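Reviewing the structure listed below.
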Amino acid sequence: MSQDAFRLISPGGSEIELPVRTGTIGPDVIDIAKLYKEQGVFTYDPGFVSTGSCESDITYIDGEEGVLMYRGYPVEQLAANSNFIEVSYLLLRGDLPTSTELEKFERTIRRHTMLNEGMLNFFKGFRYDAHPMAMLSAVVGSMSAYYHSEMDASNPDHRDIFAHRILAKLPTIAAAAYKLNIGQPFIYPRNDLNYCENLLHMLFAVPAEPYEIDEVAAEALDLLFILHADHEQNCSTSTVRMAGSSGANPYSAIAAGISALWGPAHGGANEAVLKMLEQIGDTSQIKKYVDKAKDKSDPFRLMGFGHRVYKNFDPRATIIRDMCHKVLQRLDRKDTPLFDLAQELEQVALKDDYFVEKNLYPNVDFYSGIIYKALGIPTSMFTVMFALGRSVGWASHWREMIADPTTKIARPRQLYTGPAQRDYAPIEKR
Ligand code: ACO
């Protein structure tokens, strides 16, 4: 790390030197950790637009160039050559596995897919129409009750067990939530199937008849999970790190991350995109909705457009658009009105001055919902699918944060704009 200095002039005219830190790639970072102690001022950055919160060697994004790399490997290469389990190993351990390491890791994940039977009782307590993201967050939170005794954060083996449990059991919890919603019996995992095949089995099999795995669907899910696996300090991952920084049980921290992901500005966007496309209805209505999105007095936004970091294109969106095309073709879908509408909407928005000037491009979720829909996954499960992919990113970040000796409890400061001190008045005098 280079230690150049960044110089500021204080309002009193004195020069302040702030150390500058340099990462492997990417912009330098001004280290302001001692600013308050030495100068008595805070920095102000709502939404952390210009603020780094930690050091990390997991994922790199260049928003201007549309670059996304996991542990240095471009996501395009991983999407073309790897699979979700291998990518999970890479994110958690830092390097690609040898075949022996991969075999062992995959066996571990496959052998821990079952839930403690008591956890299934939680589902009996939810209303039949509970949103699966609410159930996912609640039941993952309950893992802190079930697996508390093997969760000493200072023990590296426990940290591994935690990550393996998250990866292995989340699909089972997600499928149980879906089965509750549709009133079908819970389907136990099959450890002879790979990660995505098993997920499809738990979602779509019924005890009354054999279920044949759709390999196109399994492949598409695997690709989507690779693309969603990590995205550095996004809202849900930062939530996991922030909750975990207090030393909280990591299953609770993951539950907090799931709740953050659910918001429509984050992982909830894939569900929102599909609802929006259905609302737009057909290509003749595109102009009306694009105008609504540009109208500042109208809260409507084009869902699936824009990204805090990507300001030229989202590399995941390019991969996913191609996959969307392939999935629809391979499933022999001749009738693809939503996909056609999405493509047309993308073209109109990409040529529109408002979207061009503000660098608003389709993000990964613009097309993922269309793929999920084609695979028969209901809209309410879209964000759950995102959570399954992202779970390994959350676990990797929690592990990195907890093992980092410089980690402090996350505790931002504020610019206070409330009343200055005033005296309490008895109720009859107010
Ligand atoms: N439609 C219309 N206008 C938009 C959109 C949109 N989708 N996104 C941003 N803008 C406008 C804003 O109104 C703002 O205009 P202004 O400068 O005139 O005030 C400008 O573009 C910048 O937008 P911000 O909201 O300030 O940008 P920010 O980085 O805070 O937000 C976000 C990024 C939340 C993704 C935003 O673009 C958005 O709401 N998009 C739609 C939801 C979505 O698709 N989310 C998924 C994100 S990807 C993911 O989580 C996997």
Side-chain angles (χ1 to χ4, degrees), residues 54 58 88 91-92 108-109 111-127 130-178 180 186 188-189 199 202 229-230 233-263 266-267 383-384 386-404 407-411:
C54 61
I58 300 175
S88 298
L91 286 168
L92 286 166
T108 305
I109 303 304
R111 284 180 60 85
H112 292 89
T113 50
M114 282 174 62
L115 303 181
N116 181 302
E117 201 67 13
M119 282 172 73
L120 289 178
N121 291 328
F122 282 111
F123 291 94
K124 295 195 181 124
F126 291 116
R127 247 178 77 123
H131 196 288
M133 280 300 277
M135 291 191 266
L136 189 71
S137 170
V139 178
V140 169
S142 84
M143 289 172 80
S144 59
Y146 276 96
Y147 303 116
H148 192 67
S149 59
E150 281 159 329
M151 202 46 263
D152 169 7
S154 64
N155 181 334
D157 291 340
H158 286 196
R159 301 204 285 258
D160 278 351
I161 293 170
F162 151 75
H164 296 159
R165 280 193 178 130
I166 285 292
L167 199 51
K169 295 187 197 299
L170 246 65
T172 316
I173 298 172
Y178 174 58
L180 176 89
F186 170 69
Y188 283 89
L199 172 61
M202 290 189 292
D230 193 42
Q233 312 307 322
N234 60 87
C235 176
S236 54
T237 303
S238 298
T239 302
V240 171
R241 278 184 174 261
M242 186 165 205
S245 73
S246 72
N249 184 296
Y251 296 106
S252 315
I254 300 285
I258 293 169
S259 304
L261 184 75
W262 193 9
H266 190 12
T383 313
V384 172
F386 188 160
L388 299 187
R390 183 57 55 84
S391 65
V392 69
W394 294 328
S396 304
H397 280 272
W398 178 83
R399 277 163 50 103
E400 183 180 67
M401 185 251 337
I402 216 76
D404 178 352
T407 291
K408 289 182 188 308
I409 183 169
R411 200 328 185 166

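The model shown is predicted, which means the values in this text are computed figures rather than measured ones.
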Checklist outcome for this item: Contacts of Arg399 meeting salt bridge (charged side-chain N to carboxylate O under 4.0 Å, His left out) (sequence neighbours excluded), chain-then-number -> Asp160
Check [X] against [Y] and note the closest heavy-atom contact, atom names and distance.
{"X": "Trp398", "Y": "Pro250", "value": "CE2-CB, 3.4 Å"}
{"X": "Tyr147", "Y": "Asn116", "value": "OH-N, 3.7 Å"}
{"X": "His266", "Y": "Ser236", "value": "NE2-OG, 2.9 Å"}
{"X": "His112", "Y": "Ala168", "value": "O-CB, 3.2 Å"}
{"X": "Ile173", "Y": "Phe123", "value": "O-CZ, 3.7 Å"}
{"X": "Leu136", "Y": "Ala387", "value": "CD2-CB, 3.7 Å"}

Checklist outcome for this item: Rounded to the nearest 0.5 angstrom, the CZ-CG distance for Phe162 and Asn155 is 14.0 Å
Checklist entry - Which value, rounded to the nearest 0.5 Å, describes the distance between Arg159 atom CZ and Ile402 atom CD1? => result 7.5 Å
Checklist entry - Are any non-hydrogen side-chain atoms of Val240 and Met401 less than 4.5 angstrom apart? => result no
Next on the checklist: If you define the side chain from C-beta out and look only at heavy atoms, does anything of Ile258 sit under 4.5 Å from Met133?
Outcome noted: yes
Checklist entry - Can you list the steps and then say if Leu91 with Ile58 is a side chain to side chain contact (heavy atoms under 4.5 Å, CB included)? => result CA-CA 6 Å; Leu91 286 168; Ile58 300 175; 3.6 Å; yes
Next on the checklist: Determine whether Tyr146 and Arg165 satisfy the following criterion, side chain to side chain contact (heavy atoms under 4.5 Å, CB included), listing intermediate values before the conclusion.
Outcome noted: CA-CA 11 Å; Tyr146 276 96; Arg165 280 193 178 130; over 6 Å; no
